[in-house]
Amino acid sequence: MANSASGMAVHDDCKLKFLELKAKRNHRFIVFKIEEKIQQVTVERVGGPEETYDDFTASLPADECRYAVFDFDFTTDENCQKSKIFFIAWSPDTTRVRSKMVYASSKDRFKRELDGIQVELQATDPSEMSIDIIKARAL
């Protein structure tokens, strides 16, 4: 179950919640946390469809790494309603080096478990994932 390179397993709930977000669109975002004691990625928080991007960014801890997916709805220049699923690797500068290394080494394997990610973003502070950057990357 665990990947020998990173040693990190992915809890089934992570994949289930992601499929619900992708297929049923009943979540706006999901925040994932690595539980180092059990060497597993777990779901930390699920945002309902009515929650905003501000709610999402507020749910990321200021000094701990997280993985997250955000379902971003937008309107194109041609006035078409679209949505893109963002994968965000949140790694604040204030995080312990060991934690950053664990998240960095496990990211690619975890991302492969979530089929349907359209845009990836790496952020070390909130300005690197502002709504303007999200909009620019979506178009």
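Throughout, numbering of the chain's residues begins at 1 and tracks the sequence.
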(message) Ring centroids only, cut at 6.0 angstrom: are F70 and F86 within range, meaning strictly under it?
(response)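 No - the distance between ring centres of F70 and F86 does not fall below the 6.0 Å cut-off.
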
Connected via hydrophobic side-chain network under 4.5 Å: [X] and [Y]:
{"X": "I117", "Y": "F56", "answer": "no"}
{"X": "L60", "Y": "L121", "answer": "yes"}
{"X": "L139", "Y": "I131", "answer": "yes"}
{"X": "I134", "Y": "F87", "answer": "no"}
{"X": "V46", "Y": "F32", "answer": "yes"}

Do side-chain atoms of [X] reach the backbone of [Y] as a donor and acceptor pair under 3.5 angstrom?
{"X": "S99", "Y": "T95", "answer": "no"}
{"X": "H27", "Y": "F29", "answer": "no"}
{"X": "T76", "Y": "C80", "answer": "yes"}
{"X": "K100", "Y": "D93", "answer": "yes"}

(request) Test V119 against I85 for side-chain contact (heavy atoms from CB on, under 4.5 Å), laying out the working first. (result) CA-CA 6 Å; V119 184; I85 297 174; over 6 Å; no

(request) For residues V41 and H11, determine if any side-chain heavy atom of one lies less than 4.5 Å from a side-chain heavy atom of the other. (result)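 The answer is no; the side chains never approach within 4.5 Å.
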
(request) Evaluate the side-chain proximity of K111 to E120: yes if any heavy-atom separation is below 4.5 Å, no if none is. (result)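 Of all side-chain heavy-atom pairs linking K111 with E120, at least one is under 4.5 Å.
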
(request) Would you please classify the geometry between the F74 ring and the F72 ring as parallel, tilted or perpendicular, with 30° and 60° separating the classes? (result)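 Answer is parallel, since the angle falls under 30°.
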
Of all the heavy-atom pairs spanning [X] and [Y], show the shortest one and how long it is.
{"X": "G116", "Y": "K22", "value": "CA-CD, 4.0 Å"}
{"X": "S59", "Y": "R45", "value": "CB-NH1, 3.6 Å"}
{"X": "S91", "Y": "C65", "value": "OG-SG, 3.5 Å"}

(request) List in chain and number order the residues that pass salt bridge (Lys or Arg N to Asp or Glu O under 4.0 Å) with E20, two or more places apart in sequence or in another chain; answer none if no residue qualifies. (result)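 Scan of E20 (salt bridge (Lys or Arg N to Asp or Glu O under 4.0 Å), adjacent residues dropped) gives K17.
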
(request) Please list, chain by chain and in numerical order, all residues satisfying salt bridge (Lys or Arg N to Asp or Glu O under 4.0 Å) with R66, sequence neighbours excluded. (result)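 By the salt bridge (Lys or Arg N to Asp or Glu O under 4.0 Å) rule, R66 matches E44, E64.
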
(request) For the pair D71 and R25, find out whether any cationic side-chain nitrogen is under 4.0 Å from an anionic carboxylate oxygen. (result)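 The answer is yes: the pair qualifies as a salt bridge.
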
(request) Before accepting this row, confirm whether a basic side-chain N of the pair E51/R28 lies closer than 4.0 Å to the acidic partner's carboxylate O. (result)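 The answer is no: the pair does not qualify as a salt bridge.
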
(message) T124: which residues meet the side chain to side chain donor-acceptor pair (under 3.5 Å) condition with it, sequence neighbours left out?
(response)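 Result, side chain to side chain donor-acceptor pair (under 3.5 Å) vs T124: E128.
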
Gap separating the [atom1] atom of [X] from the [atom2] atom of [Y], nearest 0.5 angstrom:
{"X": "E113", "Y": "K15", "atom1": "CD", "atom2": "NZ", "answer": "4.0 Å"}
{"X": "W90", "Y": "Y103", "atom1": "CH2", "atom2": "OH", "answer": "12.5 Å"}
{"X": "C14", "Y": "Y67", "atom1": "SG", "atom2": "OH", "answer": "10.5 Å"}
{"X": "K84", "Y": "D73", "atom1": "NZ", "atom2": "CG", "answer": "12.5 Å"}
{"X": "L114", "Y": "I30", "atom1": "CG", "atom2": "CD1", "answer": "7.5 Å"}
{"X": "E36", "Y": "S106", "atom1": "CD", "atom2": "OG", "answer": "9.0 Å"}

(message) Please tell me whether S127 and D125 have a donor and an acceptor in their side chains that are separated by less than 3.5 angstrom.
(response)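 Checked: S127/D125 side chains pair up, N/O donor to acceptor below 3.5 Å.
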
(request) Could you walk me through whether M129 and Y53 pass side-chain contact (heavy atoms from CB on, under 4.5 Å), step by step? (result) CA-CA 10 Å; M129 51 184 254; Y53 190 71; 3.7 Å; yes

(message) Heavy-atom count check: over 12 atoms from other residues, nucleotides or ligands less than 6.0 Å from D115 CG?
(response)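 For D115, atom CG is not crowded (no more than 12 foreign heavy atoms under 6.0 Å).
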
